[in-house]
Number of protein chains: 2
Amino acid sequence: MPDQRIDLPQGSLDLLILKTLALEQQHGWAISERIQQISSNVLQVQQGSLYPALHRLERRGWIKAQWGVSENNRRAKYYALTRTGRKKLEADTEAWRKLSAAVAQVLDAV
Amino acid sequence: MPDQRIDLPQGSLDLLILKTLALEQQHGWAISERIQQISSNVLQVQQGSLYPALHRLERRGWIKAQWGVSENNRRAKYYALTRTGRKKLEADTEAWRKLSAAVAQVLDAV
DNA sequence: ATCTGATAGATCGTGCAACGATACATTACC
DNA sequence: GGTAATGTATCGTTGCACGATCTATCAGAT
């Protein structure tokens, strides 16, 4: 399968990260891999986007960090959702579904 | 129905405009109304986004303009898709569907 | 012992697009 | 004559995704 990657539209990265962390707390590198994997290589998170996004989310209180050691025995920063982060995830998910449905409506218009 | 509007993610506006013009050639103001209407008031195109987008699309050759008179007897600039614009619309539609499906995959992940 | 690749985190500058505010002109209607 | 609706347009701000680049450590191969 040729993986034709797509630029993430502004704002969608936060949502993807939050959702990934809702499944399981994880470090940045793994989050990126996870998103790519679940989306069948369609979504690829660049490192130049990933780390600023994580810092942004932490600064806003949606996630919190904690240093640890990865499965590969490397120093890694583990992120977990906060309570407000979970709220944020729900709201953003809802907003995305709404947007997605609305755009689909326009695209399918006759 | 309370219309809770959503900020358009970067890039989606071009797609919406192109699609609207594929239905029927139209002037800017009407394009904006159309999108809003078809999407049940979810998508609202700001004028500060609309006109720059139209100029952008014209500059890139996806659409072409022609002055005319609106149904309300006002001076209006009518836009129509060009052939390359139609190609662009197809490609962007495909890309959006792909993205949308990929994000949905992540959001629905267990 | 050294080299290489994978893993992990981070920053910086650039580019681009959506937004809010604002401006202006014309038509229709009161 | 005043006001609302219609229609086009620009400007400055903001925010984010991206590519390039840097650092560090560990595992395995040479």
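We name chains A, B, ... by the order of the sequence lines, and we start the count at 1 in each one.
Between B/Leu57 atom CG and D/dA9 atom P the separation is 13 Å, expressed in whole Å. Computed from coordinates, the B/Tyr78 OH to D/dT6 C1' distance equals 12 Å when rounded to whole Å. As rounded to whole Å, 6 Å separates atom C1' of D/dT6 from atom CH2 of B/Trp29. Whole-Å rounding puts the A/Leu43 CG to D/dC18 C1' distance at 15 Å. Put simply, CD on B/Gln26 is 14 Å from P on D/dT6, counting in whole angstrom units. A/Leu8 places its CG atom 10 Å from the P atom of D/dG19, with the value rounded to the nearest Å. Regarding B/Asp14, its CG atom lies at a distance of 13 Å from the P atom of C/dC16, rounded to whole Å. Spacing between atom CG of A/Leu99 and atom P of C/dA18 amounts to 12 Å, rounded to whole angstrom units.
If you check D/dT6, C/dG9, C/dA18 against the side chain of B/Asn72, the one that comes closest is D/dT6. Listed nucleotides: D/dC18, D/dA9, C/dA10. Nearest to the side chain of A/Trp67: C/dA10. In the set C/dT11, D/dT10, C/dT7, D/dT10 carries the atom at the smallest distance from any side-chain atom of B/His55. Among the nucleotides C/dA10, D/dC18, C/dT7, the one closest to the side chain of A/Lys77 is C/dA10. Side-chain proximity of B/Ala76 to D/dG19, C/dG9, D/dT8: nearest is D/dT8. Of the candidates C/dT11, C/dC16, C/dG9, the closest approach to any side-chain atom of B/Gln10 belongs to C/dC16. The side chain of A/Tyr51 lies closest to C/dA10 when the candidates are C/dC19, C/dA10, D/dT8.
No hydrogens or angles were tested; on distance alone, a donor-acceptor pair under 3.5 Å links the side chain of B/Arg74 to the base of C/dT27.
The residue A/Gly48 sits close to a base: some heavy atom pair falls under 4.0 Å. Within 4.0 Å (heavy atoms only), A/Ser12 reaches sugar-phosphate atoms of the nucleic acid but no base atom. The residue A/Leu13 sits close only to the backbone: its heavy atoms come under 4.0 Å of sugar-phosphate atoms, none of a base. Within the nucleic acid shown, A/Arg60 comes within 4.0 Å of sugar-phosphate atoms alone, with no base atom in reach, counting heavy atoms only.
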Take B/Glu71 and B/His27 through the side-chain hydrogen bond (donor to acceptor under 3.5 Å, both in side chains) test and state the conclusion after the steps. CA-CA 10 Å; B/Glu71 325 81 65; B/His27 54 91; 3.3 Å; yes

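Linking ILVMFWY side-chain heavy atoms closer than 4.5 Å, directly or via other members, places A/Trp96 and A/Ile6 in a single hydrophobic cluster.
For C/dT7, neither phosphate oxygen OP1 nor OP2 lies less than 4.0 angstrom from any side-chain nitrogen or oxygen of A/Ser70. Between B/Gln46 and C/dG20 there is a side-chain polar atom (N or O) within less than 4.0 angstrom of OP1 or OP2. Regarding contacts with the backbone of C/dA28, a side-chain N or O of B/Asn73 is found under 4.0 angstrom from either OP1 or OP2. For A/Arg56 and D/dT14, the shortest distance from a side-chain N or O to OP1 or OP2 is not below 4.0 Å.
In this structure, A/Gly61 and A/Thr84 approach most closely via the heavy-atom pair O-OG1, 3.1 Å.
The backbone N or O of B/Val42 lies less than 3.5 Å from no partner atom in the side chain of B/Ser40, so there is not a single donor-acceptor pair. Under the 3.5 Å distance criterion, the side-chain polar atoms of B/Tyr51 are left unmatched by any main-chain donor or acceptor of B/Gly28. Between the B/Ser12 side chain and the B/Leu8 main chain, no donor and acceptor come within less than 3.5 Å of each other.
Residue order along DNA chain C, read from the 5' end via each residue's closest nucleotide, puts A/His27 first among A/His27 and B/Ser49.
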